[in-house]
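Letters A, B, ... are given to chains in the order of the sequence lines, protein chains preceding strands, and every chain is numbered from 1.
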Amino acid sequence: MYEAIAFYLFSALTIGLFLITVMSKNVLYAMTSLAAGMVLISGFFFILGADFLGVVQLIVYVGAVMALYSFAMMFFDATRDIKEKNTPAALIFLLGGLSALVLVLIFAGPIHSDAIQALYPMHEGVGNAQDVGIVLFTKYLVPFEVAAVMLLVAMIAGIILAGKKMDQSLTKDTSVDDADEILKQKDAK
Amino acid sequence: MIGLTDYLIVSAILFSIGLMGVLRRRNLLMLFFATEVMLNAVNVAFAAISHYYNDLTGQMFAFFIIAIAASEVAVGLGILIVLYKKHGSLDLDDLASMRG
């Protein structure tokens, strides 16, 4: 009962928030609704019993990724509304609707669900985090290490790409430069 | 009772919203947001299948998707900053320098 209420509440809210993310013209609104939608997605994970995944979603997505985006927003002077020449809405709705239909048909269609067997079954009486840890550090050890190297490479790439010429202003606001000039002249006097 | 199909339909709807954003957006930062929406939708589907088939593989794939998404954001935002320094805009139409 409560599971159903939570499911419908979370799904309605996530769909609404992600629609705002996709449709909004303001970067701040889009980012805030994306962060809120991700919090609710972690709610889905908690309903589904994937506790560790939900916590990782909260820490990595809502914590780290959204913080990165908000820092990027500060670089890009994103308080203004974005003017973009969007693709015609009718075409987009047609394509999006068609792909949604195809996806629903794929998922809801008759699959050979009896043939699917649990490769790494969950254990009764063992917490989700322990279960995940055991599988992650035995069966998925090599992908885990590769993911670690990939994150290191991504970190170095981010530093190299973003770190050049960090002393210059990105937004080229001339009025601020003028103010600095005036201040310098006053100091000289 | 909520079954696997309900979760998969919600995930498909979220994925379509993200796909719609990818098709519609011209600003690169907004395009990144739309890809995040798509990745999250896929994660919901993985977690739901993992729960209903009592299998941990789905959650493992969701973890790796989260790791890939995090590194994608780090590299992508670095590239966006370089692009913004060079062109002063993040609009895809402004960035199209090769007229094909």
Check your understanding: Which residue out of A:Gly158, A:Ser11, A:Pro143 racks up the most heavy-atom pairs below 4.5 Å with chain B?
Key ->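 Between A:Gly158, A:Ser11, A:Pro143, the count favours A:Pro143.
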
Check your understanding: What residue, out of A:Ala50, A:Ala148, A:Ala64, A:Gly37, has the most heavy-atom pairs lying under 4.5 Å from chain B?
Key -> A:Ala50

Contact winner vs chain A - [options], heavy-atom pairs under 4.5 Å:
options	value
B:Asp6, B:Asp55, B:Leu39	B:Asp55
B:Asn54, B:Ile79, B:Val10	B:Asn54
B:Val82, B:Val37, B:Ile68	B:Val37
B:Asn40, B:Ile13, B:Val73	B:Asn40

Using non-hydrogen atoms and a 4.5 Å limit, figure out which bit of [X] sits close to chain B: side chain, backbone, both or neither.
X	result
A:Leu48	both
A:Ala157	side chain
A:Met31	both
A:Val60	side chain
A:Ala147	side chain
A:Tyr69	both
A:Phe45	side chain
A:Met23	both

Side chain, backbone, both or neither: which part of [X] has a non-hydrogen atom closer than 4.5 Å to chain A?
X	answer
B:Tyr52	side chain
B:Leu4	neither
B:Tyr7	both
B:Leu19	side chain
B:Met20	both
B:Leu56	both

Check your understanding: Quick check, are the ring centers of B:Phe63 and A:Phe52 under 6.0 angstrom apart?
Key ->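 Yes, ring centres under 6.0 Å apart.
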
Review point. How long is the gap from CZ on A:Phe18 to CE on B:Met38, to the nearest 0.5 Å?
Key: 12.5 Å

Point to revise | More than 12 heavy atoms of other groups within 6.0 Å of B:Phe61 CZ | key: no

Review point. How are the rings of A:Tyr140 and B:Phe64 set relative to one another: parallel (under 30°), tilted (30 to 60°) or perpendicular (over 60°)?
Key: tilted

Check your understanding: For residues B:Gln59 and A:Asn128, is any side-chain donor paired with an opposing acceptor at under 3.5 Å?
Key ->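 Yes, A:Asn128 and B:Gln59 have a side-chain donor paired with an acceptor closer than 3.5 Å.
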
